[in-house]
Amino acid sequence: MSQAKPGLTRRAFLRSTAEKGFALGGLLGLGLDLRAAQLTARRLPIAGAREVPSVCPYCAVGCGQLVSVREGQIVNVEGNPDSPINRGTLCPKGAASYQLAVNPLRAKKVLYRAPGARQWEEKPLSWAMDQIAQRVKATRDATFREFAETDLEGGPLRDAKGQPTRKKVNHTLAIASLGGATMDNEWNYVQAKLLRALGVVAIENQARI
Ligand code: SF4
């Protein structure tokens with residue numbers, strides 16, 4: 001995975017990329033095809049690293065990845081050319097999966113603004129987890145219903161003969177879940193199980209690609 005050099009501006013990076021592209025295009029125009037050399041260079045292992053075949057954690061396409069590990073640390077993740085599924089390619093999300101494991105910018109605290117307050121407070125993640133659990137429990141207890149007697153517009157439910165009726169729903173409409181882009185397959189599985197067990201029906205996830 002390429003890393004931006006410190007101090008390299010976006011403009012300088014784009015200029016350098018354009019120049020490299022022009023140089024390659026110019027060589028191709030002269031009959032020199034460097035693509036085979038580029039492919040070989042891509043397959044050269046990173047010095048001192050062990051390559052571990054793996055599978056992208058993000059979606060059911062199941063693209064193969066090569067995870068390079070050096071001294072117990074992940075140093076690179078790229079597409080596995082031997083995978084018949086993706087043949088070395090990864091979508092933008094899979095190509096960034098290195099940052100799922102190694103990311104110094106990962107937020108480890110949350111910002112909380114109490115009702116009516118003007119200031120944000122920094123809180124530990126464990127505090128936020130407890131708050132969410134308590135509020136989910138309280139909301140579900142207050143809004144869970146076993147039977148529905150009204151339709152989604154609030155009108156009375158009626159049977160085929162037009163008589164008032166009710167139907168079993170076992171749900172709460174007061175809680176919704178919006179999954180983030182970096183939730184992996186296993187997390188999504190557990191999340192969906194938990195929410196459905198609670199009776200939550202509004203479950204949505206960000207698309208994969
Ligand atoms: S998220 Fe992208 S790279 Fe990962 S398995 Fe799906 S398509 Fe492949």
Side-chain angles (χ1 to χ4, degrees), residues 1-6 8 10 12-14 16-21 23-25 28 33-111 125 128-129 132-133 136 175-198 200-209:
M1 147 167 244
S2 61
Q3 298 282 338
K5 291 178 192 162
L8 183 66
R10 182 171 176 274
F13 172 74
L14 290 174
S16 139
T17 307
E19 282 165 359
K20 281 178 191 151
L24 178 60
L28 282 171
D33 190 345
L34 298 181
R35 282 171 292 189
Q38 283 183 322
L39 277 177
T40 305
R42 274 186 55 207
R43 292 292 302 120
L44 288 176
I46 294 170
R50 186 169 51 98
E51 276 188 343
V52 182
S54 186
V55 177
C56 175
Y58 283 137
C59 86
V61 175
C63 295
Q65 293 183 322
L66 285 177
V67 181
S68 297
V69 182
R70 186 165 53 205
E71 294 170 6
Q73 299 292 317
I74 295 175
V75 293
N76 187 52
V77 178
E78 61 190 52
N80 187 347
D82 295 332
S83 165
I85 296 168
N86 54 311
R87 300 187 176 187
T89 63
L90 292 173
C91 78
K93 191 172 156 112
S97 54
Y98 169 80
Q99 294 167 19
L100 183 64
V102 183
N103 192 341
L105 299 177
R106 185 185 301 280
K108 294 179 180 159
K109 292 186 174 165
V110 296
L111 289 176
L125 202 50
M129 298 284 187
I132 292 168
V136 165
I175 303 173
S177 167
L178 183 60
T182 53
M183 286 167 65
D184 59 32
N185 285 325
E186 289 72 20
W187 182 276
N188 278 312
Y189 175 80
V190 173
Q191 172 95 350
K193 284 273 233 194
L194 170 67
L195 292 165
R196 292 197 172 115
L198 290 171
V200 175
V201 292
I203 305 171
E204 186 55 279
N205 256 63
Q206 198 233 13
R208 282 298 170 231
I209 300 174

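Atoms within each ligand, like the ligands themselves, are counted from 1 in listed order.
- A distance of 10.5 Å separates OH in Tyr58 from CG in Asn185, rounded to the nearest 0.5 Å.
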| field | From CA spacing to verdict: side chain to side chain contact (heavy atoms under 4.5 Å, CB included), Arg196, Ile203 | value | CA-CA 9 Å; Arg196 292 197 172 115; Ile203 305 171; 3.9 Å; yes
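- Atoms of ligand 1 lying under 4.0 Å from any heavy atom of Gly62, numbered from 1 in the order shown and given with element: 5 (S).
- Using a cut-off of 2.8 Å, one finds that Cys91 contributes no N/O/S atom close to atom 6 (Fe) of ligand 1.
- In this structure, Asn80 and Glu51 have side chains that are not in contact, with every pair of non-hydrogen atoms separated by 4.5 Å or more.
- The shortest heavy-atom distance from Asn86 to ligand 1 is not under 4.0 Å.
- Residue contact check: Tyr58 has heavy atoms under 4.0 Å from atoms 1 (S) of ligand 1.
- Counting heavy atoms from C-beta on, the side chains of Asn86 and Val61 never come closer than 4.5 Å.
- Under the 4.5 Å side-chain criterion, counting only non-hydrogen atoms from C-beta, Cys56 is not in contact with Val77.
- Between Leu198 and Ile175 there is no side-chain heavy-atom pair separated by less than 4.5 Å.
- Not one N, O or S atom of Cys63 sits under 2.8 Å from atom 4 (Fe) of ligand 1.
- In the vicinity of Leu90, heavy-atom distances shorter than 4.0 Å reach the ligand 1 atoms 3 (S).
- With ligand atoms numbered from 1 in the order given, ligand 1 contributes 1 (S), 3 (S), 4 (Fe), 5 (S) to contacts under 4.0 Å with heavy atoms of Cys56.
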